[in-house]
Amino acid sequence: MNAPRRWIAHLDMDAFYASVELLRYPELKGQPVVIGGGRRHQPELLPDGTRRFARLAGYAGRGVVTTATYAARDHGVHSGMGLMKAAVRAPEAVLLPTDFEQYRLYSRRFKAAVAELAPVIEDRGIDEIYIDLTDVPGAQEPLGHDPHGGVRALALEIKNNVRSATGLTCSIGVTPNKLLSKIASELDKPDGLALLTEADIATRIWPLPVRSINGIGPKAGARLMALGWKTIGDVAAQPRALLLEHFGRSYGAWLHEASHGRDDRLVVTHSEPVSMSRETTFERDLHAKRDRAELTTIFTRLAEQVAGDLQRKGYVGRTIGIKLRFDDFKTVTRDMTVETPTADASAIRLAAGLCLKRVDLSRRLRLLGVRVGTLQRAALLSSAPP
DNA sequence: TCTGGGGTCCTAGGACCC
DNA sequence: TCTGGGGTCCTAGGACCC
């Protein structure tokens, strides 16, 4: 009997936050809508029952675009962009505040809808997952003239189940591995389904820009570009030794494998958190001396928030650290390891305060964060033996 | 018009230990 | 003085992702 062909799906919700907002405000369908910024732009319910929405025009502040509808993307607005810049490109776009609770609700719903059909799921955040379809009944069967018809039908069924459970569309890539599926889910977006095998790598993957690979970010992308290697195929055409020479043993070898579409990572259905943190960017830059009272209040609140997160989720941690960002955007971190793992707000605040003393605070600050790492489950922490 | 917040993983040097 | 070799922990920074 033949070994089953490995089928991994990557499912990505289409413009997730924006699409959830459109369910709530269907009158915005087709309009440019941007999600992001603070809480000061809630829609206003007018006496005649209609709503008045905030527009992007005139936005002042440090927010960024979290998600934009496809109509807003047509104006050159995309996630990560500063809202001030987005306002120049699409002043008429509707601006909505982020409502993470609502998105988490829909996240649970779409994941449950997938799990009904295919239970081996790896969480990759609020709006995407990997699914191992290999052992799902029917996935190995042909259908009519289509040798991979079974797995294609399964992917369509998953899309339909997600849509009926949430009213939302998603895009799915189905391929032999996570790396290729992640790329494939983008190929047909929105509401897409792309099924690829090794035989399609040369025609469908190699023409894509290097940045399409998950793991090649702005820095590596620029370095590859400087070498004249623009597409994945360009990288795949380089001798392995040359990649090792330019990018080191580890990353170079990975680049070689990835460009050939090879990846044997498993779908991981459970993972434990490594760290938890809270951070905040101030509305204006603060100075350690002149704004001391305000900073102290924020610092303590961050410690309390992390402590609350840890306690709610049942974790304690030994590494307590801070993160500072200065007005020149330079970022520094300091951390220390404490003897007893803790989730206690005052213990965290105390250690974080010691970390802060190790930093030169002559520049003004734009961000402050508190982090607890080296986590373990609080329940596993037995009381000290006699 | 400067660039959010929450994460993971990797690297690298020094301390410390055997 | 003339100094191995590993292993692990701690700390800082950086790349990358959603």
Side-chain angles (χ1 to χ4, degrees), chain A residues 10 12-13 15-17 34-39 56-67 76-91 97-98 100 103-104 107 122-130 178-179 182 185-186 211-223 247-251 253-254 258 265 268 271-285 302 305-306 309 313 318-339 351 354-355 358-359 366-375:
Chain A
H10 179 260
D12 196 73
M13 298 299 290
F16 184 55
Y17 298 176
V34 163
I35 318 293
R39 283 123 247 115
L56 212 39
Y59 175 88
R62 293 181 153 174
V64 298
V65 175
T66 306
T67 319
V77 171
H78 44 79
S79 45
M81 178 181 282
L83 284 173
M84 302 256 266
K85 182 173 180 175
V88 172
R89 298 194 175 189
T98 48
F100 279 104
Y103 312 147
R104 273 193 290 266
S107 180
E122 176 174 335
D123 239 292
R124 294 306 305 186
I126 199 161
D127 70 340
E128 59 181 80
I129 52 175
Y130 289 102
K178 287 163 96 171
L179 179 102
K182 171 78 180 170
S185 67
E186 291 290 319
R211 289 289 310 276
S212 310
I213 291 180
N214 195 247
I216 301 183
K219 301 286 180 178
R223 287 180 63 194
F247 293 92
R249 262 230 307 266
S250 168
Y251 197 69
W254 176 80
R265 288 172 301 160
V268 177
S271 65
E272 283 293 312
V274 171
S275 70
M276 293 185 195
S277 65
R278 287 291 191 120
E279 65 185 55
T280 187
T281 296
F282 315 132
E283 288 185 17
R284 60 179 182 94
D285 297 340
L302 290 168
Q305 287 173 332
V306 189
D309 295 341
K313 294 171 182 160
R318 295 182 59 223
T319 311
I320 295 169
I322 59 166
K323 171 170 155 184
L324 305 177
R325 179 124 71 210
F326 295 100
D327 54 5
D328 60 356
F329 221 70
K330 202 168 112 52
T331 305
V332 303
T333 61
R334 293 291 181 273
D335 59 45
M336 65 177 293
T337 302
V338 295
E339 289 229 350
L354 293 174
C355 290
R358 313 209 303 258
V359 186
R366 66 175 283 138
L367 172 145
L368 183 58
V370 175
R371 173 181 179 278
V372 177
T374 328
L375 301 185

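From a predicted model like this one, the values you see are computed outputs, not experimental measurements. Proteins come first, then strands; the chains are lettered A, B, ... in the order of their sequence lines, and each starts at number 1.
- Looking only at side-chain heavy atoms (C-beta outward), A:Pro218 and A:Arg211 come within less than 4.5 Å of each other.
- Across all strands shown, A:Arg89 has no heavy atoms under 4.0 Å from either base or sugar-phosphate atoms.
- Between A:Met276 and A:Phe329, the one whose closest nucleotide on DNA chain B sits nearer the 5' end is A:Phe329.
- One finds no side-chain N or O of A:Arg124 lying less than 4.0 angstrom from the OP1 or OP2 phosphate oxygen of B:dT8.
- Taking only side-chain nitrogens and oxygens, A:Thr281 comes nearer than 4.0 Å to OP1 or OP2 of B:dG5.
- Within the nucleic acid shown, A:Arg318 comes within 4.0 Å of sugar-phosphate atoms alone, with no base atom in reach, counting heavy atoms only.
- No hydrogens or angles considered: nothing links the side chains of A:Arg366 and A:Thr281 as a donor-acceptor pair under 3.5 Å.
- Here A:Lys219 lies in heavy-atom contact (under 4.0 Å) with sugar-phosphate atoms only.
- Not one side-chain nitrogen or oxygen of A:Arg366 sits closer than 4.0 Å to the OP1 or OP2 atom of B:dC2.
- Residue contacts for A:Ala86: at a heavy-atom cut-off of 4.0 Å it reaches no nucleic acid atom on any strand shown.
- Checking B:dG13 for Watson-Crick or G-U wobble geometry (two distances, each under 3.5 Å) identifies C:dC10 as its partner.
- Within 4.0 Å of A:Thr280, counting heavy atoms only, lie sugar-phosphate atoms of the nucleic acid but no base atom.
- Between A:Ser277 and B:dG7, a side-chain N or O to OP1/OP2 separation shorter than 4.0 Å is present.
- Residues A:Ile216 and A:Thr333 each lie close to DNA chain C; by heavy-atom proximity, the contact nearer the 5' end of the strand is made by A:Thr333.
- For A:Arg334, the CZ atom counts as densely surrounded, since its 6.0 Å shell holds more than 12 non-hydrogen atoms of other residues, nucleotides or ligands.
- Checking side-chain atoms of A:Glu122 against main-chain N and O of A:Val268 turns up a donor-acceptor pair under 3.5 Å.
- At the heavy-atom level, A:Gly82 lies nowhere under 4.0 Å from the strands shown.
- Atom CG of A:Asp327 and atom P of B:dT3 are 12 Å apart (whole Å).
- Nucleic acid contact class of A:Met336 (heavy atoms, under 4.0 Å, all strands): sugar-phosphate only.
- As rounded to whole Å, 18 Å separates atom P of B:dC2 from atom CG of A:Leu367.
- Using a 4.0 Å heavy-atom cutoff across all strands shown, A:Val64 reaches at least one base atom of the nucleic acid.
- Looking at the side chain of A:Asp335, the nearest of the listed nucleotides C:dT11, C:dG13, B:dG7 is C:dT11.
- Of the candidates A:Ile320, A:Ile322, A:Thr333, A:Cys355 forms a side chain to side chain contact (heavy atoms under 4.5 Å, CB included) with just one, namely A:Ile322.
- Side-chain atoms of A:Tyr251 and A:Ile216, non-hydrogen and from C-beta on, do get closer than 4.5 Å to each other.
- Contact detail for A:Ala351 and A:Val338: the closest heavy-atom pair is CB-CG1, 4.2 Å.
- The phosphate of C:dT11 (OP1 or OP2) has a side-chain N or O of A:Thr337 nearer than 4.0 angstrom.
- Remark on DNA chain B: of its neighbouring residues A:Tyr251 and A:Gly61, the 5'-side contact belongs to A:Gly61, judged by nearest-heavy-atom nucleotide.
- When distances run from any side-chain atom of A:Val332 to the nucleotides B:dG7, B:dT8, C:dG13, the shortest one goes to C:dG13.
- As rounded to whole Å, 18 Å separates atom C1' of B:dG4 from atom CZ of A:Arg371.
- Among the heavy atoms of the strands lying under 4.0 Å from A:Ile213 are primed sugar atoms or P, OP1, OP2 only; no base atom is included.
- The A:Arg325 side chain lies nearest to B:dG4 when the options are C:dA12, C:dC18, B:dG4.
- Candidate nucleotides B:dG4, C:dC17, C:dA12 were compared by shortest atom distance to the side chain of A:Asn214, and C:dC17 ranks first.
- Comparing B:dC17 with C:dG4, their C1' atoms are spaced 14 Å from each other, to the whole Å.
- In the set C:dC18, B:dT1, B:dT3, the nucleotide with an atom closest to the side chain of A:Lys85 is B:dT1.
- Residue-level contact check: A:Thr319 touches neither bases nor backbone, having no heavy atom under 4.0 Å from any strand.
- Counting any heavy atom pair closer than 4.0 Å across all strands shown, A:Val65 reaches no nucleic acid atom.
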